[in-house]
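Because the structure is predicted, anything quoted here is derived from the model rather than measured. In each ligand, atom 1 is the first atom listed, and ligand 1 is the first ligand listed.
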Amino acid sequence: MMRVMKFAMGLGVAALLSMVAAQAQGPATLTIHADQPLHKVSPTLYGLMTEEINYSYDGGLYAEMVQDRTFLSARSDTENWIPVAMGNARGSVARDASTGPSAALPASMKITVEQADKANAFGLRNGGWWGVLVKPETTYTGSVWAKADKEGAGAVVKVSLVANDTGKVLASATLPALTGDWKQYSFTMKTGASGAASSANQILLTVDHPGNVWLQLLSVFPPTYKNRANGNRIDLMEKLAAMHPAFLRFPGGNYLEGNTIPDRFDWKRTIGPLVDRPGHASPWRYHSSDGMGLLEFLEWCEDLKMQPVLAVYAGYSLQQQFVKPGPDLVPYVQDALDEIEYVTGDASTKWGAERAKDGHPAPFALTYVEIGNEDFADGSGSYNGRYAQLYDAIKAKYPALQLIATTPVKGHAMDVLDDHYYKRAEQFFGDTHHYDNADRNGPKIFVGEWATREGTPTPNMGAALGDAAWMTGMERNSDLIVLASYAPLFVNVNPGGMQWQSNLIGYNAASSYGSPSYYAQVLFAGHVGTEVVASELKDAGDRLFYSVTRDPAKGIVTLKLVNASSAAQELRISVDGTKSVGASAKLVQLSAGSTAATNSIFDPTRVMPVESTVKGVGKEFTRTLPGYSIEVLEIAAQ
Ligand code: AHR
């Protein structure tokens, strides 16, 4: 202290106090009883929760490059589709409610070309989702529905990717001449070898002679993850894969419920060819294309080897609309049963056959079905009845399914209960023992939505510390907590893209980044044993959190340490109940000098995990944890 005092002469009191705070804290001791397993870690503990929020799918994971491809989501005809007249071409555009290619899409965009020729074409441009990412030597796949009137018949439509600043055509496709009937035209466009990747581009569609032309569903896709048609962005899927998720909870969230009953996630309107999907209004204030439909969710699961946790609509929508249990609910119960059959039935079943027709003959494995979302918000108190009716009908047909209630129900079995927590870091620090003494004879727990809400659009290091502290508690209680998922997962960081602050992964059209909270998830889910072992921590302050698991088959004890204090923490660790302990251990560390430290679209790697090897490990060793740090130590213990 003397030394600190001398050095501090002339400094302000605040500076002095913060220096004192940053001194290492007195040693704490942690004893790990590696031979005393307490219980198994749920193999499905870490998963993903997702819904259409913050442009998560449209303008996010779903790789479609055209915004408002069905001309449904704008307030004006030309908000997303700007008329373009080249040279002395002339014309106008307007949405036309009288003709479209299908019952689901009965309207279209009409282009009236008064004057145009090959060199002076008329058409529309689309700016994509805050930009159109074009890369060199890349093939883009697209299609459009179109028809022409008598005068316009024979018109040639050209689709191009064009640089905003120079007008240079980077790739293009010329379609066969149009006819008087609605027809889908498919095309590919390939960019050349020169030029750098950029999102400062637009998609241009032009017509080369006078007449009327109608368009619907212009779609352009870049290469997708695992080359799926109608698939997902590669960078975002790779980020999710790094989280080692065991499950995907979908389709919500509030997105399942919709603001009103007609706006619910009506799964039957999200399957089959895109032209048969009308899309719908999302509760997060924009139109959903439903390009990410039920089958796409399931294929997303397949691609990342996750199990689906399917939430079925349970008769409650956000504006306090509910369906009375009893006969009124019967059609919704049937919809849920049909949905489960679409997921799990073989091709001999009605809905299994429909899935096969949609391109996926093999059924998907399903263990968990959630009945609704956050039904505590239903002021009518109808959930007890709605839940019981759905539960009984689903169990009668699918007895092996585990059914999840979204709020406690009285007088009826609950297999699993979904708890949600959105908190500040401080609150999570004080609540890490939440489940330690919870009833083990009641339902299992799904922590279906949780997050430390600090930092926007994505959480900062302080939030990551809150998250990590909370996860130590979930791991310790993973006999009870069978599933857990952070929410929300995604945010498009462009102005207007975000409806909910603090989201795990941010992106724009060109790139994406993980928040410190994302890396905390990567660390925790990527390093977890199969059993929780007994341990004791002594003399630690109230900012040190930990979890110990082991994997006997691999001979590894995994120790997670969270020091949420600004001060370093010395920790004396002893590992007993094992013949030998390796002399070195793998360390993965996430730390920052400040809780405000964060990543962003402009600075995506400021806070990143660092991997190293720690020497001097043994049955007894000391580790000094830096202030504001999250660590995983993999210790060889045989
Ligand atoms: O994650 C954002 C929202 O929070 C979810 O849609 C809803 O379930 C919860 O209230």
Subject >> Steps toward side chain to side chain contact (heavy atoms under 4.5 Å, CB included) verdict (L401, K395) >> reply: CA-CA 7 Å; L401 285 179; K395 274 279 170 172; 5.7 Å; no

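- At under 3.5 Å, not a single nitrogen or oxygen of W500, backbone or side chain, sits near a nitrogen or oxygen of ligand 1.
- Taking a cut-off of under 4.0 Å to the non-hydrogen atoms of W284, the atoms of ligand 1 that pass are 3 (C), 6 (O).
- Looking from atom 10 (O) of ligand 1 to the surrounding protein, the closest heavy atom is E374 OE1, 2.7 Å.
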**OP:** For E475 and Y46, run side chain to side chain contact (heavy atoms under 4.5 Å, CB included): C-alpha distance rounded to whole Å, both residues' side-chain angles, the deciding distance at 0.1 Å, then the answer.
**Re:** CA-CA 10 Å; E475 266 185 21; Y46 293 110; 2.7 Å; yes

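- Against a heavy-atom cut-off of under 4.0 Å, G253 is close to the following atoms of ligand 1: 6 (O), 8 (O).
- Contact between P488 and ligand 1 is present, with at least one heavy atom of the residue lying under 4.0 Å from the ligand.
- The shortest N or O to N or O distance between N254 and ligand 1 is under 3.5 Å.
- Donor-acceptor pairing under 3.5 Å is recorded for the side chains of H280 and D290.
- Considering only non-hydrogen protein atoms, atom 6 (O) of ligand 1 sits nearest to E51 OE2, 2.5 Å.
- Regarding atom 1 (O) of ligand 1, its nearest protein heavy-atom neighbour is Y422 OH, 2.7 Å.
- With hydrogens and angles left out, the side-chain atoms of D418 and T406 include no donor and acceptor closer than 3.5 Å.
- At the shortest separation from atom 8 (O) of ligand 1 among protein heavy atoms lies E449 OE2, 2.7 Å.
- The main-chain N or O of V532 is never found under 3.5 Å from a side-chain atom of R476 such that the two would form a donor-acceptor pair.
- Every N/O-N/O distance between Y255 and ligand 1 stays at or above 3.5 Å.
- Remark: side-chain polar atoms of Y316 are paired, donor with acceptor, to backbone N or O of A377 under 3.5 angstrom.
- If you check the side chains of N599 and Y518, you find no donor sitting under 3.5 Å from an acceptor.
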